[in-house]
Amino acid sequence: MIPIAKPIIGEDEINAVIEVLRSGNIAEGQKVKDFEEAFAKYSGTSFAVAVNSGTAALHIALLAHGIGAGDEVITTPFTFVATSNSVLFTGAKPVFADIREDTFNIDPDSILEKITPGTKVIIPVHLYGQAADMKAIMEIAQDNDLIVIEDACQAHGATFEGKYAGSFGEGTFSFYPTKNMTTGEGGIITTNDKEIAQKAKMIRSHGSKQRYLHEMLGYNLRMTDIAASIGITQLGKIDDFNKSRIKNAQYLSRNLGNIKGLTLPHVDKRCRHVYHQYTVRITGDISRDDVVSSLNKMHIGTGIYYPLPIHKQPFYKELGYTDSLPVSEIASKEVISLPVHPSLKISDLDTISASMREIMD
Ligand SMILES: *Cc1c(COP(=O)(O)O)cnc(C)c1O
């Protein structure tokens with residue numbers, strides 16, 4: 001089986017963890033500080049605050065900006081549910097804008113249509129490893145006095161016009177094992193705002209700067225030194241991981257050209273796409289689900305990200321969402337992601353493209 005995702009854990013990661021375990025300091029400590037410093041530097045931001053998941057990073061970024069009941073947050077429904085759930089955690093209301101057909105990222109024109117006097121934040125998601133149109137989004141934010149929190153959970157090392165994902169507004173990243181780099185479970189918030197960084201640190205640890213002095217309501221969303229030691233090691237490899245992903249994607253696109261009913265990933269010229277996923281669209285006579293089952297029979301792993309847009313999820317319907325967001329709804333029926341991770345061999349890529357060709361012909 002060629003898996004759809006595979007974390008790369010080497011001897012360096014194993015030794016880093018052993019070193020932390022032997023030290024006896026296994027919860028949040030110096031390794032977390034070192035990881036934060038290294039990640040901020042990597043992303044071109046002044047501060048980073050490490051937490052225990054990407055979901056926690058989103059939740060904290062919103063809380064650090066004082067978002068809560070009565071506020072509206074515009075985001076995309078074509079993402080992992082964590083993006084909008086984090087808005088619900090705060091008591092604010094997620095408002096869904098539709099996506100662009102070519103990049104699957106939030107459509108700036110649709111954002112404009114959704115702005116009301118209650119709008120406080122835009123959360124663009126850099127889906128599949130390609131940044132949303134940050135030029136248009138930052139302009140909209142400036143014109144309407146809105147906060148931007150980037151969901152960069154799939155976009156470590158991605159850039160837009162040469163600037164790193166997560167450095168436009170506040171950035172939020174995940175280190176779940178399927179992501180471009182991992183810490184097991186984990187997340188981080190990047191920011192250039194010292195006050196936001198300080199607040200985020202307090203919220204992650206029961207609202208305290210000083211032990212047992214609690215200035216606000218907070219949570220326990222801390223990262224461990226065990227996880228941070230993996231993160232430090234993985235951060236040293238992320239550029240190589242991404243280079244492999246890009247090379248694999250280019251190889252697939254060269255081999256999958258000119259197949260009827262198959263739309264290959266569109267790369268915005270302003271972006272460095274880091275291919276968290278290599279996602280194609282199936283529009284021919286064969287159904288997407290038939291392509292999935294044929295590939296799986298041929299021992300090729302696939303992923304559907306995402307089969308149901310968030311506004312159509314049972315829980316969101318219960319909350320009263322009745323939006324019609326046609327571009328997202330069609331995409332959820334047509335997309336399929338093929339393996340693109342750094343562990344693939346050329347022979348795997350050849351197998352994937354030959355199988356796709358056979359199925360689609
Ligand atoms: C993975 C992911 C998250 C959540 O990250 P966790 O670490 O799993 O909490 C949020 N948004 C997107 C787009 C993701 O891909």
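Atoms within a ligand are numbered from 1 in the order they appear, just like the ligands themselves.
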Check against side chain to side chain donor-acceptor pair (under 3.5 Å), Ser337 and Tyr128: CA-CA 9 Å; Ser337 299; Tyr128 307 143; 5.3 Å; no

Atoms of ligand 1, numbered as shown, that sit under 4.0 Å from any heavy atom of Thr79: 13 (C)

NZ or CZ of Lys135 within 45° of Phe160 ring axis and under 6.0 Å: no

Heavy-atom neighbours of Ile26 CD1 exceed 12 at 6.0 Å: no

Residues, nucleotides or ligands: over 12 heavy atoms within 6.0 Å of Asp143 CG: yes

Contacting atoms of ligand 1, where contact means under 4.0 angstrom from a heavy atom of Val125: 13 (C)

For ligand 1, the portion of Thr55 having any non-hydrogen atom under 4.0 Å away: both

Ligand-residue contact atoms, ligand 1 with Thr83, heavy atoms, under 4.0 Å: 11 (N)

Contact partition for Ala82 relative to ligand 1, non-hydrogen atoms under 4.0 Å: side chain

Sub-4.0 Å heavy-atom approach of Lys179 to ligand 1: yes

Per-atom contacts, ligand 1 versus Gly54 - under 4.0 Å to a heavy atom: 5 (O), 6 (P), 7 (O), 9 (O)

Salt bridge Lys120-Asp71, side-chain N to carboxylate O under 4.0 Å: yes

Nearest non-hydrogen protein atom, atom 8 (O) of ligand 1: Ser174 OG, 4.1 Å

Per-atom contacts of ligand 1 with Ser53, taking only distances under 4.0 Å to non-hydrogen atoms: 7 (O), 9 (O)

Atom 11 (N) of ligand 1: nearest protein contact (heavy atom, Å): Asp151 OD2, 2.8 Å

Side-chain donor/acceptor of Arg281 to backbone N/O of Glu101, under 3.5 Å: yes

Worked check of salt bridge (charged side-chain N to carboxylate O under 4.0 Å, His left out) between Glu28 and Lys201: CA-CA 12 Å; Glu28 185 192 283; Lys201 282 184 185 172; over 6 Å; no

Salt-bridge contact Arg222-Glu185 (side-chain N to carboxylate O under 4.0 Å): no

Ligand 1 N/O within reach of Gln154 N/O, cut-off under 3.5 Å: yes

